[in-house]
Structures are given as C-alpha cells and as structure tokens.
Amino acid sequence: MQKSLSEAVFENLKELIKAKNAAHESMFKFHWKKLWPFSLIFPQVDFIRIQRFMGEIKVQALGQKQFIQNNLSKSVPSEMDFLRAVPAYIDAFAVSCEKLAVIAKFKQDILEKKQKRDVFAFNRLLTEYQNAQADLTRAGAFVQIAWGELAAKSRKQNSDKTPTP
C-alpha cells in the first residue's frame, strides 16, 4: 500500500526531530559523565560534529519543503491543511538548527581557545536558541492540530469503508 504525501512528510519530520533532539540533549542534558574526573575518561560532546549535523538536518528539512511543493498536486484535498502548516514549521525548525549550531561553534571556540569565556555572549546565544525553540513549538502546534484532524478524517473514512455484519 502506498503512503500518502502527508504520511511520508510526517514520518520524515519525526526522524529529523529525533536527530535534532539527540544533538540538543547531547549538548544540554546533565549527565554524570560530564562531571570531573569522569569527563577526563569518557568522551565528551563533539561540537564540530554537531555543527555539521545541524547543517545537514537543516538541508534535509528544507528539502522536505521542496518535496511537498513538487508533490502537492498528487495530494488529496483532506491533506491540504496539514501540508500548508508544514512549511512554516520547517522554517522554524531550520532556524532552531542554526541557533544550536551557533552554540556548538561557540563552545568549540572556547575549547580551542579561539575565544574567551563570555557569560553574556553565551547567555545571548542561549536566549536566541530559546526563542527559536519557542517559535518551533508554536509552529509545531499548528502542524499537530492539522495532523490530528487528518488522522481523525482518515479513521472515519476507514470505519465508513468497513462493511458491517
């Protein structure tokens, strides 16, 4: 059975979100391995890899916008609300990835001693990331509502198609 456009986009978005959340947790989540002296033994966050990874995730996310645009004519009318909500979410997702990559670069520059520790600059970067996350959450609410409506319509259509004994 072939997936609909909205199902394919939804599955792709879930995978992109999982990847971004893994990078976020790697950078910000507390773990005992990050404490001294364990931090001397266990590998730490690879900020360079996170920068590259966020760039790749951003490219893949923006590719989803193009994918939707190219295949919009193949979608059914009931999918349109969901498919119209996704591009704004993808834009917010891309900005969030950029902000996370900037924080990773800042931390890498401190490790390489290219930059001194500047609490105010770091706080500004965190605030920008926090604002990007808030925008992402707001855009995600519209996508979630549209997906819920689409799923409800799909369940109703499937229940209408099943024969009653």
Judged by modelled atom types alone, do Asn70 and Gln66 share a side-chain donor-acceptor pair under 3.5 Å? yes
Apply side-chain hydrogen bond (donor to acceptor under 3.5 Å, both in side chains) to [X] and list each qualifying residue two or more places apart in sequence or on a separate chain.
X	value
Asn12	Gln64
Gln130	none
Arg52	none
Asn71	Lys74

Ring pair (Phe, Tyr, Trp, His ring centres under 6.0 Å) contacts touching residues 118-142 (sequence neighbours left out): His24-Tyr129, Phe28-Tyr129, Phe106-Phe122
Can you pull out every ring pair (Phe, Tyr, Trp, His ring centres under 6.0 Å) where at least one residue sits in residues 50-96? Sequence neighbours excluded, please. Phe82-Trp147
So, taking the atom named [atom1] in [X] and the one named [atom2] in [Y], what distance separates them when rounded to the nearest 0.5 Å?
X	Y	atom1	atom2	answer
Gln69	Lys65	CD	NZ	8.5 Å
Leu62	Lys58	CG	NZ	6.5 Å
Ser75	Ile68	OG	CD1	9.5 Å
Arg117	Ile110	CZ	CD1	5.5 Å
Lys99	Glu128	NZ	CD	4.5 Å
Ile57	Ser96	CD1	OG	10.0 Å

List the residues meeting side-chain contact (heavy atoms from CB on, under 4.5 Å) with Lys14, not counting sequence neighbours, and say none if there are none. Phe10, Glu11
With sequence neighbours left out, write down each residue that passes side-chain contact (heavy atoms from CB on, under 4.5 Å) with Val76, or none if nothing qualifies. Ser78, Glu79
In terms of hydrophobic clustering (I, L, V, M, F, W, Y; side-chain heavy atoms under 4.5 Å; direct or indirect links), are [X] and [Y] co-clustered?
X	Y	answer
Leu126	Leu111	yes
Leu5	Met80	yes
Leu136	Val59	no
Ile145	Leu150	no

Taking all heavy atoms of [X] and all of [Y], pick out the closest pair and write down the distance.
X	Y	answer
Leu100	Ala23	CD2-CB, 4.1 Å
Ala92	Ala139	CB-CB, 4.3 Å
Ala101	Gln51	O-CG, 3.6 Å

Just wondering, do Met27 and Ile103 contact through their side chains at under 4.5 Å, heavy atoms? yes
Check whether any side-chain heavy atom of Val95 sits under 4.5 Å from a side-chain heavy atom of Asp91, and report yes or no. no
Suppose we screen for salt bridge (charged side-chain N to carboxylate O under 4.0 Å, His left out). Which residues come up paired with [X], at least two apart in sequence or across chains?
X	answer
Lys107	none
Lys116	none
Lys114	Glu112
Lys20	none

Is a side-chain N or O of Thr137 found less than 3.5 angstrom from the main chain of Gln133, in a donor-acceptor match? yes
Check: Ala22 main-chain N/O paired with Ser26 side-chain donor or acceptor under 3.5 Å: no
